[in-house]
Amino acid sequence: MSEKDNIPKGKNNQSGKKAIKLILIFVVVFVTVFCGVYFGIQIYSNHTALPQTTTTKQTTTMPVSEDLVENPIDFKSLQKMNDEIYAWIKIDDTNVDYPIVQSKSDDSFYLKHKAEDKSWSASGAIYTELVNSKSFNNSVTLVYGHNGYGDTFFTTLHRFEDSEFFNTHPYFYIYTPDRRLTYQVVSAFKYDDRHIMNSFNFADIKVLEEFQQYVQNPDSVLKNVRTELDKPITKDSKLVILSTCITNQKSSRYLICGVLTKDEKTD
């Protein structure tokens, strides 16, 4: 007979019951602690997530819009007459209120042809050359127009020779089919007859900066200059120069220099 057989059966049963009781107590405590921890984590997570959810809703419902300005030019009708019409220039209190054209093949074509139907005309049209893009995104864009045909085309640009007129007319406007470009007049002055776009390499930053400085401080006797600009002129600025002749001065030109200050979408 083994020692195990010598243990009384009553004591055996009592020990087993105690062991089972301890196991049950352990299981109950474990389950209670586990449930407490689990539900505590869920409550904490829900509480901390609430402000984030609210913030996300506010962000996604924020309205985003861009105001459109009126475009008074009927480009569809104009381009049916001549598909080389791509912009329109307007200057308050002058007679400058014309389409701008660019020939696809001949820079001198609109020197003696109308914008509306390409018919021959000594007074020509307002035009740019192929060296300039039609989006006005070049550092310098030259726009040409005749002087001396009554008060038509660019003749009335000479009103900027008067300092009072210059000071009270700080802007001119160029419309495209979907944009209105506002230019602040930086200066108006007498210049020589060189072809500006062929005379300067504006891809060279140093050349561009020197030209920009000259535009802001020309050495001409006949000049008006705006010293306070809406925006400083930098290497990223877009200049538009309006060029016309001076009566009885074949080797001279009169220039109105503007810098882009506002680019707006139109309806």
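All residue numbers in this chain count up from 1 along the given sequence.
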Trainee: Using a 3.5 Å distance criterion without hydrogens, assess whether the side chain of Arg226 forms a donor-acceptor pair with backbone atoms of Gln184.
Mentor: no
Trainee: Once side chain to side chain contact (heavy atoms under 4.5 Å, CB included) is applied, do any residues pair with Asn248, and if so which ones, sequence neighbours excluded?
Mentor: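 Applying side chain to side chain contact (heavy atoms under 4.5 Å, CB included) to Asn248 gives none.
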Trainee: Hey, quick one: are Ile91 and Phe165 part of the same hydrophobic cluster, counting side-chain heavy atoms closer than 4.5 Å, chains of contacts allowed?
Mentor: yes
Trainee: Measure the CD1-SG distance between Ile241 and Cys257 for me, rounded to the nearest 0.5 Å.
Mentor: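 It comes to 4.0 Å.
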Trainee: Where is the tightest heavy-atom contact between Ala115 and Ile85, given as atom of each residue plus distance?
Mentor: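 Looking at all heavy atoms of both residues, the shortest contact is O-CD1, 3.7 Å.
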Trainee: Please confirm whether the backbone N or O of Gln212 pairs with a side-chain atom of Gln216, one donor and one acceptor, at under 3.5 Å?
Mentor: yes
Trainee: Which residues pass the side chain to side chain contact (heavy atoms under 4.5 Å, CB included) test with Thr234, sequence neighbours left out?
Mentor: Asp236, Ser237
Trainee: With a 4.5 Å heavy-atom cut-off, do Met81 and Asp117 have their side chains touching?
Mentor: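 They are not in contact (no side-chain heavy atoms under 4.5 Å apart), so the answer is no.
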Trainee: Any donor and acceptor pair, going by atom type alone, linking the side chain of Thr244 with main-chain N or O of Gly145 inside 3.5 Å?
Mentor: yes
Trainee: Does any non-hydrogen side-chain atom of Val240 lie less than 4.5 Å from one of Phe172?
Mentor: yes
Trainee: As a quick check of understanding, evaluate side-chain contact (heavy atoms from CB on, under 4.5 Å) for Leu242 and Phe160, giving each step before the final call.
Mentor: CA-CA 12 Å; Leu242 312 179; Phe160 283 94; over 6 Å; no
Trainee: Could you give the distance from CG (Asp97) to OG1 (Thr156), rounded to the nearest 0.5 Å?
Mentor: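 Asp97 CG to Thr156 OG1: 10.0 Å, rounded to 0.5 Å.
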Trainee: What's the shortest heavy-atom distance between Ser187 and Val225, and which atoms?
Mentor: CB-CG2, 4.2 Å
Trainee: Indicate the atoms forming the closest heavy-atom contact of Ala188 with Phe166, along with that distance.
Mentor: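 That closest heavy-atom pairing would be N-CE1, 3.9 Å.
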Trainee: Got a second to check how far Leu157's CG is from Cys245's SG, nearest 0.5 Å?
Mentor: 11.5 Å
Trainee: Can you confirm whether Pro177 sits close enough to Gln79 that some side-chain heavy atom of one is under 4.5 Å from a side-chain heavy atom of the other?
Mentor: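 Pro177 reaches Gln79 side chain to side chain.
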Trainee: Under the 3.5 angstrom rule, does the side chain of Asp267 hit a backbone N or O of Asn71 as a donor-acceptor pair?
Mentor: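 Judged by distance alone, yes, a pair lies under 3.5 Å.
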Trainee: Within the distance-only criterion (no hydrogens, no angle test), does the side chain of Asn95 pair as donor or acceptor with the backbone N or O of Thr155 below 3.5 angstrom?
Mentor: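 Judged by distance alone, no pair lies under 3.5 Å.
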Trainee: What verdict does the salt bridge (Lys or Arg N to Asp or Glu O under 4.0 Å) test give for Lys206 and Asp204, after you've listed the backbone C-alpha separation in whole Å, the side-chain angles of each residue and the deciding distance to 0.1 Å?
Mentor: CA-CA 6 Å; Lys206 185 177 180 181; Asp204 185 324; over 6 Å; no
Trainee: NZ of Lys114: more than 12 outside heavy atoms within 6.0 angstrom?
Mentor: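 No, NZ of Lys114 has 12 or fewer neighbouring heavy atoms, counting only those of other groups under 6.0 Å.
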Trainee: Would Lys265 and Leu68 satisfy side-chain contact (heavy atoms from CB on, under 4.5 Å), going step by step from the backbone distance to the final call?
Mentor: CA-CA 5 Å; Lys265 287 185 178 181; Leu68 300 179; 3.6 Å; yes
Trainee: Which atom pair, heavy atoms only, marks the closest approach of Leu130 to Ser103?
Mentor: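 So the minimum-distance heavy-atom pair works out to CD2-O, 3.3 Å.
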Trainee: Can you measure from OG1 (Thr168) to CG (Asp162) and round to the nearest 0.5 angstrom?
Mentor: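 Separation between the atoms: 8.0 Å.
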Trainee: Closer than 3.5 angstrom, by distance alone: can the side chain of Glu84 be matched with the main-chain N or O of Lys104 as a donor-acceptor pair?
Mentor: yes
Trainee: Establish whether Ile233 and Phe136 are linked, either directly or via other cluster members, by ILVMFWY side-chain heavy-atom contacts under 4.5 Å.
Mentor: no
Trainee: One pair to check against side-chain contact (heavy atoms from CB on, under 4.5 Å): Asn147 and Thr247. What are the steps and the verdict?
Mentor: CA-CA 7 Å; Asn147 163 72; Thr247 303; 3.1 Å; yes
Trainee: Would you check, one step at a time, whether the test side-chain contact (heavy atoms from CB on, under 4.5 Å) holds for Ile126 with Trp88?
Mentor: CA-CA 9 Å; Ile126 307 299; Trp88 191 283; over 6 Å; no
Trainee: Do Phe154 and Val143 come within less than 4.5 Å of each other through their side chains, counting heavy atoms only?
Mentor: yes
Trainee: Return yes when atom NZ of Lys262 has more than 12 non-hydrogen atoms of other residues, nucleotides or ligands closer than 6.0 Å, and no otherwise.
Mentor: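 Result for NZ/Lys262: open.
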Trainee: Group every Ile, Leu, Val, Met, Phe, Trp and Tyr by side-chain heavy-atom contacts under 4.5 Å, then state whether Leu208 and Leu229 land in the same group.
Mentor: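 As far as the 4.5 Å side-chain criterion goes, Leu229 and Leu208 are connected within one cluster.
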Trainee: For Lys80, what residues pass the side chain to side chain contact (heavy atoms under 4.5 Å, CB included) criterion, not counting sequence neighbours?
Mentor: none
Trainee: For the side chain of Thr152 and the backbone of Tyr149, is there at least one donor-acceptor N/O pair under 3.5 Å apart?
Mentor: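 Present.
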Trainee: Tell me, with the steps shown, if Asp263 and Arg179 meet salt bridge (Lys or Arg N to Asp or Glu O under 4.0 Å).
Mentor: CA-CA 7 Å; Asp263 183 347; Arg179 316 295 289 184; 2.9 Å; yes
Trainee: Name all pairs fulfilling the side chain to side chain donor-acceptor pair (under 3.5 Å) condition that reach into residues 127-140, sequence neighbours left out, sorted by first residue then second.
Mentor: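 The answer is Tyr86-Thr128, Gln102-Thr128, Glu129-His195, Asn132-Asn138, Ser133-Ser135, Ser133-Asn137, Ser133-Asn138, Ser135-Asn137.
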Trainee: If we ignore hydrogens and angles and just use 3.5 Å, is the side chain of Ser243 paired with the main-chain N or O of Leu255 as donor and acceptor?
Mentor: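 No; zero donor-acceptor contacts below 3.5 Å.
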Trainee: Under the side-chain contact (heavy atoms from CB on, under 4.5 Å) test against Thr182, which residue among Ile174, Thr261, Val69 passes?
Mentor: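 Single side-chain contact (heavy atoms from CB on, under 4.5 Å) partner of Thr182 among Ile174, Thr261, Val69: Thr261.
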Trainee: Kindly indicate whether the side chain of Met197, heavy atoms from C-beta on, has any atom under 4.5 Å from the side chain of Thr141.
Mentor: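 A side-chain contact under 4.5 Å is absent here.
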Trainee: Just checking Lys190: does its NZ atom have more than 12 heavy atoms from other residues, nucleotides or ligands closer to it than 6.0 angstrom?
Mentor: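 Open.
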Trainee: Taking all non-hydrogen atoms of both residues, which atom of Pro218 and which atom of Lys223 are closest, and how far apart?
Mentor: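 In this case the closest contact between Pro218 and Lys223 is O-NZ, 2.7 Å.
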Trainee: Is there a side-chain contact between Leu222 and Glu161 in this structure, where contact means two heavy atoms from C-beta onward sitting under 4.5 Å apart?
Mentor: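 Heavy-atom side-chain distance check passes, below 4.5 Å.
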Trainee: Look at the side-chain heavy atoms of Ile, Leu, Val, Met, Phe, Trp and Tyr, link any pair under 4.5 Å apart, and say whether Tyr173 and Ile256 land in one connected group.
Mentor: no
Trainee: Atom CD1 of Ile196 and atom CZ of Arg253: how far apart are they, to the nearest 0.5 Å?
Mentor: 10.0 Å
Trainee: At what distance, to the nearest 0.5 angstrom, does OH of Tyr183 lie from CG of Asp230?
Mentor: 14.5 Å
Trainee: Output all residues satisfying side chain to side chain contact (heavy atoms under 4.5 Å, CB included) with His113, sequence neighbours left out; order by chain, then residue number.
Mentor: Phe109, Tyr110, Trp120
Trainee: Is there any ring pair (Phe, Tyr, Trp, His ring centres under 6.0 Å) pair reaching into residues 207-266, and which pairs are they, with sequence neighbours excluded?
Mentor: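 For residues 207-266, and leaving out neighbouring residues, the ring pair (Phe, Tyr, Trp, His ring centres under 6.0 Å) pairs sorted by first residue read His158-Tyr254, Phe189-Tyr214, Tyr191-Tyr214, Phe200-Phe211, Phe202-Phe211.
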Trainee: Nearest heavy-atom pair of Gly124 and Phe153: which atoms, and what distance?
Mentor: O-CZ, 3.4 Å
Trainee: Linking I/L/V/M/F/W/Y whenever any side-chain heavy atoms sit under 4.5 Å apart, do Leu260 and Val186 land together?
Mentor: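 In one cluster: no.
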